[in-house]
Amino acid sequence: MATQILMPALSPTMTEGTIARWLKKEGDTVSSGDVLAEIETDKATMELEAVDEGVLGKIIVNAGGEAVAVNTPIAVIVAEGEDASTAGAAPAKPAEAKQAPAEAKPQAATSSSAPAAKSLPPEPDYTGEMITQTVREALRDAIAEEMRTDERIFLMGEEVAEYEGAYKVSQGLLEEFGAKRVVDTPITEHGFAGLGVGAAMAGLRPIVEFMTFNFAMQAMDHIINSAAKTRYMSGGQMSCPIVFRGPNGAAVGVAAQHSQDYSSWYGHIPGLKVVAPYSGADAKGLLKAAIRDPNPVIVLENELLYGKTFDVPKSADFTVPIGKAKIERVGKDVTIVSYSLMVGVALQAAEKLAEEGIDAEVINLRTIRPIDVETIAASIKKTNRIVSVEEGWAFAGIGSEIAAIAMEHAFDWLDAPVTRVCGEDVPMPYARNLEALYLPSVERVTQAVKAVCYR
Amino acid sequence: MAKTAVARQGKRAGANELSPEQLKQFLKDMLLIRRFEEKAGQLYGMGLIYGFCHLYIGQEAVVVGMQAAAEPGKDSVVTSYRDHGHMLACGMDPKGVMAELTGRRTGYSRGKGGSMHMFSTEKKFYGGHGIVAAQVPIGTGLGFAHKYNNDGGVSMAYYGDGAANQGQVYESFNMASLWKLPVVYVIENNRYGMGTSVARASAGDLHKRGAAYGITNEEVDGMDVLAVYEAGQRALSHARSGKGPYILGVNTYRYRGHSMSDPAKYRSREEVSKIRSEQDPIDRIRQMILDDGIATEDEVKKIDADVKAVVTEAAEFAQQSAEPELSELYTDVLVEA
């Protein structure tokens, strides 16, 4: 049977080509893989290979033929012994791509908006026993409680086992769970992040500790390309249930390479969930929720909070829903929205402001992605003013997202421009006085709040 | 069981006895990949496949030999973006693979992954990874899971000579050897990382690069499916027995460009045709089957015809299936609770 050879598309951008020369002539026998012709594309000269065997029955477009559109017949291959005059029969017409029926683009209106958390039911009030413990202990309990219930969960990272954690978060875990489930890794972030992803794809539930998130930049490709995109790229067939956790943001006196807030980096990525606890209850509840979540979750802890003491629910059933912010202080005049360590700064600022007659509402985001648009918008509709507070840089930061949410969801309620209090737009300096100047302070927050209150 | 050409000729000490059926299966499996890839190239030329499309033509003996040595349903596989051959060798449906290439809803990833991103948890094929060498730590993690679950499985992590220069490969070697993980690293050295020859990119011998980590290695003729099969058996049994990882440096050759838009000016046509005419892995096994009277010319032709029919059916399926629903854009980002 005669088969037409069409001008092929030899690159993603090629629409037409020129036949530089034919390497076979009419009547030549060809077999699969033989180079038939050289074709000049928009990028280069490429070789056209035969796909089937047969005889080059007829050359339709001779050498030198210019601007031949893709899919134009250029030659005919016939079976051995077949008459070339039947050439032209059996056009190898490219099959029409079947289009899915046109339909309205669903959810188009939301496609440019923030990745909002689905409306969640009200968080149940915890009425059980409370214990006073540090954030460090709350995190340890979260890991231990979950590991007791699910054999697939294991903790890996640098110094997590024998050293019991560079920041002592994993105290006692090696003793309780053994070296199979509490795994000391070499200093090899890219490698163990990828290894964790592979283990998660195979059905385990890894908790990967980064000694700090600064080092996770070495592992960024696996967190984003390998973990976050798997579910989508597989059409929902495969998921990657993994937790990446560790301290994020500035500690004290460790300078530029060890002092960075990555919230907006991870918050940018569809396919990830990102949480940033402030209190001990947040830490325990969010980490437990992250471990139970079937998706990759980034848990951004804070070194300076590890030693802080809070009242924490004792129950092993307690979790904090991912995607739900918490109103830490109810107020009516202005909203201050923050996360992690800076919630403490926001709360101190609110107390200061109260002395001056400004009643501030403080929202602890707890989850960066998906962000709790409902709670933020409801608060703006009550106070008509909002100030965001974060350690990270302003440009494309979490505060910028808050500003967008305010415009998209509460524009008509705003009585003042949204204001961002952020880390200064420089790498973190070392000297005490410069470091303090870099970070958002109670003073900077109160100033920003007074400005939006026109006071 | 009939003795094979290999055993009869005594070319390899300790060669496994292969039945005529197994030898014919090798031919069939390699032909399926070759015809599938030729068809994919054809559909690309017709504009039905677009973007990146990396063909495996020339390298068929590597994955066919390895997978024949593996235990289906037990061992897991991960590879790079040159992945169509691996999927077929793992037993994935050619229709679903081709339909993914044409971006249709019936593709393995429902049209959201394309040539480089397909998965089958059922066949223990874990992708399909587009970032050079990312599959190496992932494959090491699959091995970690085999050991953790004590399920007797081995992970096979395939990567190319180009990927061999990425640091994460050596991070993986270190952990795999340290923890005695059941991983077989299969270096598919097709002599070019895109347009850069191994000689211009890599110092030393790729297969020996695990030696400092204490990983056993060997070099294999990747144009000889029987040699790959035998090396695969040694490597898999080593890893399965708890002795830790194993490296196979498999020398092969890619006939086509790096991707469809590669004009391949970095090598001569003579180089390609010489390897094609002298070392082609499919010609070699076909000739052996004929010479040793394992099958007649007609039987061999029938194998080819059967394979062509499968590929034609896959191509028709891939063209007739509908594109994804537009609502699919928004699904599968997260597992919904």
Side-chain angles (χ1 to χ4, degrees), chain A residues 6 8-12 32-33 35 41 43-47 49 51 70-71 94-95 97-100 103 105-107 154 180 185-186 188 190-204 221-222 225-226 230-239 241 270-271 273 293-295, chain B residues 38 41-42 44-48 50-51 76 78 107-113 117-121 126 129-131 134 136-142 144-146 148 167-168 171-172 174-175 178 255 260-261 263 265 269 276 319-327 330-335 337:
Chain A
L6 308 178
L10 295 166
S11 83
S32 173
V35 179
T41 73
K43 285 184 179 159
T45 303
M46 308 276 291
E47 291 171 350
E49 292 180 8
V51 178
V70 164
N71 283 334
K98 280 214 174 136
Q99 295 287 329
E103 53 197 286
K105 193 179 172 192
Q107 301 175 33
F154 68 96
K180 181 189 171 189
T185 66
T188 188
H190 196 183
F192 70 69
L195 189 152
V197 168
M201 287 174 171
L204 299 184
D221 177 56
H222 280 297
N225 273 318
S226 305
T230 292
R231 180 88 186 161
Y232 196 80
M233 292 193 305
S234 69
Q237 188 183 154
M238 209 162 84
S239 48
K273 291 186 178 181
D293 201 283
N295 296 290
Chain B
E38 285 168 354
Q42 208 178 7
Y44 194 97
M46 290 159 73
L48 288 161
Y50 73 126
S76 42
V78 69
Y108 264 98
S109 298
R110 310 217 305 240
K112 295 182 187 180
H117 309 298
M118 278 178 253
F119 308 82
S120 168
T121 45
Y126 293 90
H129 294 270
I131 305 298
V136 181
I138 291 172
T140 309
L142 296 171
F144 182 94
H146 282 304
Y148 191 96
Q168 57 185 319
E171 297 190 31
S172 301
N174 185 42
M175 288 184 284
L178 198 61
Y255 296 172
M260 292 303 295
S261 51
K265 291 297 170 206
R269 186 178 298 147
R276 249 189 133 121
Q319 292 170 68
Q320 282 157 7
S321 294
E323 290 182 318
E325 295 273 1
L326 295 182
S327 59
Y330 303 99
T331 57
D332 303 323
V333 177
L334 292 169
V335 184

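Residue numbers start from 1 in every chain, and the chains themselves are labelled A, B, ... in the order their sequence lines are given, proteins ahead of strands.
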If you count heavy-atom pairs under 4.5 Å with chain B, which of A/Thr41, A/Val35, A/Asp221 comes out on top?
A/Asp221
Can you give me the closest heavy-atom contact between B/Ser76 and B/Leu142, atom names plus distance?
OG-CB, 3.8 Å
Of all heavy-atom pairs linking A/Met46 and A/Leu10, the shortest is CB-CD1, 3.5 Å
Side chain, backbone, both or neither: which part of B/Ser120 has an atom under 4.5 Å from a heavy atom of chain A?
both
Is it the side chain or the backbone of B/Met175 that comes within 4.5 Å of chain A heavy atoms, both, or neither?
side chain
Between B/Phe144 and A/Ala199, what is the shortest heavy-atom contact and its length?
CD2-CB, 4.3 Å
Does any heavy atom of chain B fall under 4.5 Å from the side chain of A/His190, the backbone, both, or neither of them?
both
Select one option (side chain, backbone, both, neither) describing which atoms of B/Tyr50 are under 4.5 Å from chain A's heavy atoms.
neither
Holding to ring pair (Phe, Tyr, Trp, His ring centres under 6.0 Å), I want the full list of residues that pass it with B/Tyr148, two or more places apart in sequence or in another chain.
A/Phe154
Side chain from CB out, backbone as N, CA, C, O: work out which of these in A/Thr185 comes under 4.5 Å of a heavy atom of chain B, or both, or neither.
both
Of the listed residues (B/Arg110, B/His117, B/Gln42), which shares the most heavy-atom pairs with chain A below a 4.5 Å separation?
B/His117
As an exercise: rank A/Glu47, A/Glu49, A/Met201, A/Lys180 by heavy-atom pairs under 4.5 Å with chain B and give me the winner.
A/Lys180
Using non-hydrogen atoms only, which part of B/Thr121 is less than 4.5 Å away from chain A: side chain, backbone, both, or neither?
both
Could you report the tightest heavy-atom contact between B/Val333 and A/Gly271, atom names first, then the distance?
CG1-N, 3.4 Å
Closest heavy-atom contact between A/Ser226 and B/Ile138?
OG-CD1, 3.6 Å
Examine distances only and state if a side-chain atom of B/Thr140 and a backbone atom of A/Leu195 form a donor-acceptor pair shorter than 3.5 Å.
no
Heavy atoms only, distances under 4.5 angstrom: which of B/Met118, B/Arg269, B/Lys265 has the most pairs with chain A? Name it, please.
B/Arg269
